[in-house]
Protein chains: 2
Amino acid sequence: MQVTIKDVAKAAGVSPSTVSRVISNHPRISRKTVAKVKSIMEELGYHQNMMARSLVSKTTRTIGMILPRSAEELFLNFFFPESIRGIVTQSTRSGYDLMMTSGASEHEELEAILRLVRGRRVDGIILLSSRVHDPLISFLHAQKFPFILIGRSPEYPDILSIDNDNIQASYDATRHLISLGHERIGFVSGPSHLVVSQDRLVGYKKALADYNLALNPRWIVEGEFLQESGYHAMSLIMNLPQRPTALVIIDDIVAFGVLRGLSELGYSVPHDISIISFNNIALSELTNPPLSSIDIGIYQMGYTASNLLIQSIEEQQPEQNRIIIPHRLVTRESTKRLT
Amino acid sequence: MQVTIKDVAKAAGVSPSTVSRVISNHPRISRKTVAKVKSIMEELGYHQNMMARSLVSKTTRTIGMILPRSAEELFLNFFFPESIRGIVTQSTRSGYDLMMTSGASEHEELEAILRLVRGRRVDGIILLSSRVHDPLISFLHAQKFPFILIGRSPEYPDILSIDNDNIQASYDATRHLISLGHERIGFVSGPSHLVVSQDRLVGYKKALADYNLALNPRWIVEGEFLQESGYHAMSLIMNLPQRPTALVIIDDIVAFGVLRGLSELGYSVPHDISIISFNNIALSELTNPPLSSIDIGIYQMGYTASNLLIQSIEEQQPEQNRIIIPHRLVTRESTKRLT
DNA sequence: CCATCTAGTGCAAACGTTTACGCTTTTGAC
DNA sequence: GTCAAAAGCGTAAACGTTTGCACTAGATGG
């Protein structure tokens with residue numbers, strides 16, 4: 001039924017091993033044999049059986065990824081989709097495929113990783129994690145299995161990882177507001193168990209400190225990466241006796257909620273209050289007003305992650321273990337000079 | 001190095017075949033042996049080598065999917081991300097993993113499919129296609145390889161496929177406008193080589209005809225699934241001597257551009273013109289004004305597609321080859337009664 | 001002219017499973 | 001107590017590759 005290497009060998013009048021060597025272009029096969037075998041392969045429509053190949057070579061030319069439980073949030077702000085786009089594009093280019101699986105609970109996630117790793121289904125894994133403590137990282141690290149983290153792990157600072165500099169990005173966002181004359185600046189954050197939330201908060205505080213501005217703890221509100229959180233945050237912040245004139249917001253999606261909240265409370269952006277957020281998703285320029293945002297290059301992170309992981313699988317030690325993708329401040333109409 | 005079935009067999013004092021039978025819970029193994037073997041597996045940390053298993057069983061417990069070339073567009077309107085979410089969630093639940101690959105050109109796409117199919121890497125394929133003519137469908141159909149189409153193929157109406165009823169959905173959207181008293185209704189379409197564009201146009205025309213409303217060809221503008229298209233369409237339509245009072249728009253993203261275009265031209269939605277679109281992505285309720293939209297249940301389509309495909313892989317013929325996911329009209333502030 | 005080297009290829013084992021077939025032991029009916 | 005059927009398990013072949021080793025023939029060097 002299936003055309004095997006033996007069929008090709010027979011038709012070409014050579015041994016299976018020769019055919020195999022042609023496939024993996026071994027140097028010691030004569031030009032003539034190579035040509036002959038290749039033409040027969042073409043003729044018979046031969047394709048390598050990856051399972052058999054993987055079984056003996058112990059390599060799959062596949063990288064794995066697990067769809068996180070907080071999937072809905074990560075899809076909304078395009079973090080996951082954009083990462084996937086970058087990863088699939090790059091890995092295909094390097095001759096690898098991407099294997100995706102998911103787990104409904106933390107335990108199931110670990111089970112899934114185990115299946116991939118111990119079942120020899122993948123050669124490496126891309127982890128998308130922003131949790132301060134992530135058991136998947138611990139596991140993979142202990143196994144010495146090739147993997148790369150998109151994000152940052154405070155527990156394992158030296159593992160192969162790719163990220164943007166969230167502290168600096170947040171610093172820049174805050175400084176942008178400061179440069180526009182704002183002195184009362186609030187922060188709408190994400191869940192505090194996420195590294196990204198912590199880092200952006202740090203950058204924000206650092207900027208305030210550097211420019212000798214007061215930090216008002218009531219202007220810092222924690223929520224989820226959902227627009228409802230932004231919406232709700234406004235009812236908290238804007239009902240305070242003293243209100244900020246500008247806000248740094250953890251995520252564009254949250255900013256959308258902030259916009260809605262402000263509009264319902266009768267505030268106009270940027271006239272009454274300036275806002276800036278992170279991710280610069282495609283829809284950020286379509287809001288009213290268009291959002292100033294920090295572009296963190298998600299697609300590029302995915303692309304580079306795949307590239308680095310494959311390098312490390314193929315034993316070419318990348319020069320550095322931690323790559324930082326530069327961010328970019330995109331100013332639109334949601335931030336304006338304080339008058 | 002790796003714990004194999006033989007190691008388990010040795011430790012349990014049984015033969016490898018018995019261990020194998022325990023794994024696939026064969027009925028003819030005694031309770032006692034099962035318990036014994038299982039505990040040993042646990043103890044040694046045994047995990048099945050999928051490659052070896054696949055090699056002999058000729059099944060991979062993996063489904064394949066190829067990331068289309070028009071990826072960026074499909075990601076923007078969440079079609080692809082939401083499908084993936086549904087697919088991965090369901091397939092994991094059924095014990096399958098998802099394998100993703102891509103192709104930069106049509107030729108590369110076919111090569112990718114060939115790798116997956118002939119290389120025995122997957123048991124079935126999910127195709128996301130809306131093209132009128134798709135060579136991938138022809139290929140898979142000719143190969144009699146299990147696959148399911150998310151979308152509709154006019155060339156192969158009887159293949160396993162899942163879709164929403166775009167004609168009826170568009171009919172309903174149009175009728176919604178008609179029921180609000182609108183009589184001059186335009187249509188902003190997508191690329192005409194896509195089935196979805198054609199179908200929605202048909203539904204729109206059908207509604208107009210059923211309610212004896214005039215069809216003005218100048219109110220039908222074709223574009224891409226990009227907001228620029230919607231933006232550009234407005235400069236065409238709204239500069240006509242006679243303008244529509246309502247628009248049906250092929251996609252939420254396009255509608256975002258329409259909103260921007262209208263606002264720049266000085267028209268207010270829904271006061272001057274009502275608009276309704278398709279997909280009901282999460283951001284549709286965040287625009288100004290919030291968009292009326294037809295929810296076509298993309299996540300559910302992905303989920304069901306995976307389910308059906310796996311059923312058909314496992315030889316349980318699904319009762320019907322073509323499943324229609326019901327759509328849902330979601331009315332928000334962008335459509336209002338004509339005064 | 002012999003020894004050595006190299007290019008080119010084949011042989012056979014190995015990778016870790018599954019499964020058809022067959023053998024023993026137990027069970028149950030009469 | 002006999003015999004057939006069923007239960008429980010092992011043997012060995014097979015799946016389609018890769019790869020270490022060995023072999024041949026010609027080339028090269030002294």
From [atom1] of [X] over to [atom2] of [N], roughly how many Å is that when rounded to an integer?
X: B:Arg121; N: D:dT17; atom1: CZ; atom2: P; answer: 14 Å
X: A:Asn49; N: D:dG16; atom1: CG; atom2: C1'; answer: 6 Å
X: B:Gln48; N: C:dG16; atom1: CD; atom2: P; answer: 13 Å
X: B:Arg31; N: D:dC9; atom1: CZ; atom2: C1'; answer: 16 Å
X: A:Met50; N: C:dT17; atom1: CE; atom2: P; answer: 20 Å
X: B:Ile29; N: D:dA7; atom1: CD1; atom2: C1'; answer: 10 Å
X: B:Asp7; N: C:dG16; atom1: CG; atom2: P; answer: 9 Å
X: B:Gln2; N: C:dT17; atom1: CD; atom2: C1'; answer: 11 Å

Exercise for review: To the nearest 0.5 Å, tell me how far B:Ile66 CD1 sits from B:Leu116 CG.
Suggested key: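 With rounding to 0.5 Å, CD1 (B:Ile66) is 8.0 Å from CG (B:Leu116).
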Review point. Are the side chain of B:Ser54 and the backbone of B:Thr59 linked by a donor-acceptor contact shorter than 3.5 Å?
Key: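 At least one qualifying donor-acceptor pair exists.
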Exercise for review: Hey, which sits more toward the 5' end of DNA chain D by its nearest nucleotide, B:Leu55 or A:Ser24?
Suggested key: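 Its nucleotide being nearer the 5' end, the pick is B:Leu55.
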Point to revise | Centroid-centroid under 6.0 Å between A:Phe75 and B:Phe75 rings | key: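 Ring centres of B:Phe75 and A:Phe75 not closer than 6.0 Å.
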Exercise for review: Assess whether one donor atom and one acceptor atom, taken from the side chain of B:Arg21 and the base of D:dG8, lie less than 3.5 Å apart.
Suggested key: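 Between D:dG8 and B:Arg21, which were checked side chain against base, a qualifying N/O pair under 3.5 Å is absent.
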Point to revise | Presence of donor-acceptor pair under 3.5 Å, side chain of A:Ser17 and base of C:dC11 | key: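 Between C:dC11 and A:Ser17, which were checked side chain against base, a qualifying N/O pair under 3.5 Å is present.
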Review point. Given side chains that start at C-beta, do those of B:Val19 and B:Val14 come closer than 4.5 Å, heavy atoms only?
Key: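 Yes - at least one pair of side-chain heavy atoms lies under 4.5 Å apart.
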Practice item. Would you please confirm or rule out a distance under 4.0 Å between OP1 or OP2 of D:dT11 and any side-chain N or O of B:Ser15? Key: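 For D:dT11, neither OP1 nor OP2 has a side-chain N or O of B:Ser15 closer than 4.0 Å.
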Check your understanding: Any side-chain N or O of A:Lys6 less than 4.0 Å from the OP1 or OP2 oxygen of D:dC15?
Key ->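 No.
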Scan [X] against the nucleic acid and name what it touches under 4.0 Å (heavy atoms): base, sugar-phosphate only, or nothing.
X: A:His26; value: nothing
X: A:Ser30; value: sugar-phosphate
X: A:Ser20; value: base
X: B:Thr33; value: sugar-phosphate

Review point. Where each residue is assigned the nucleotide of DNA chain C containing its nearest heavy atom, which of A:Pro27 and B:Arg28 is assigned the position nearer the 5′ end?
Key: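 Result of the comparison: A:Pro27.
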Exercise for review: Assess the side chains of A:Glu109 and A:Ser105: does a donor N or O sit below 3.5 Å from an acceptor N or O?
Suggested key: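 Not at all, the side chains of A:Glu109 and A:Ser105 share no donor-acceptor pair under 3.5 Å.
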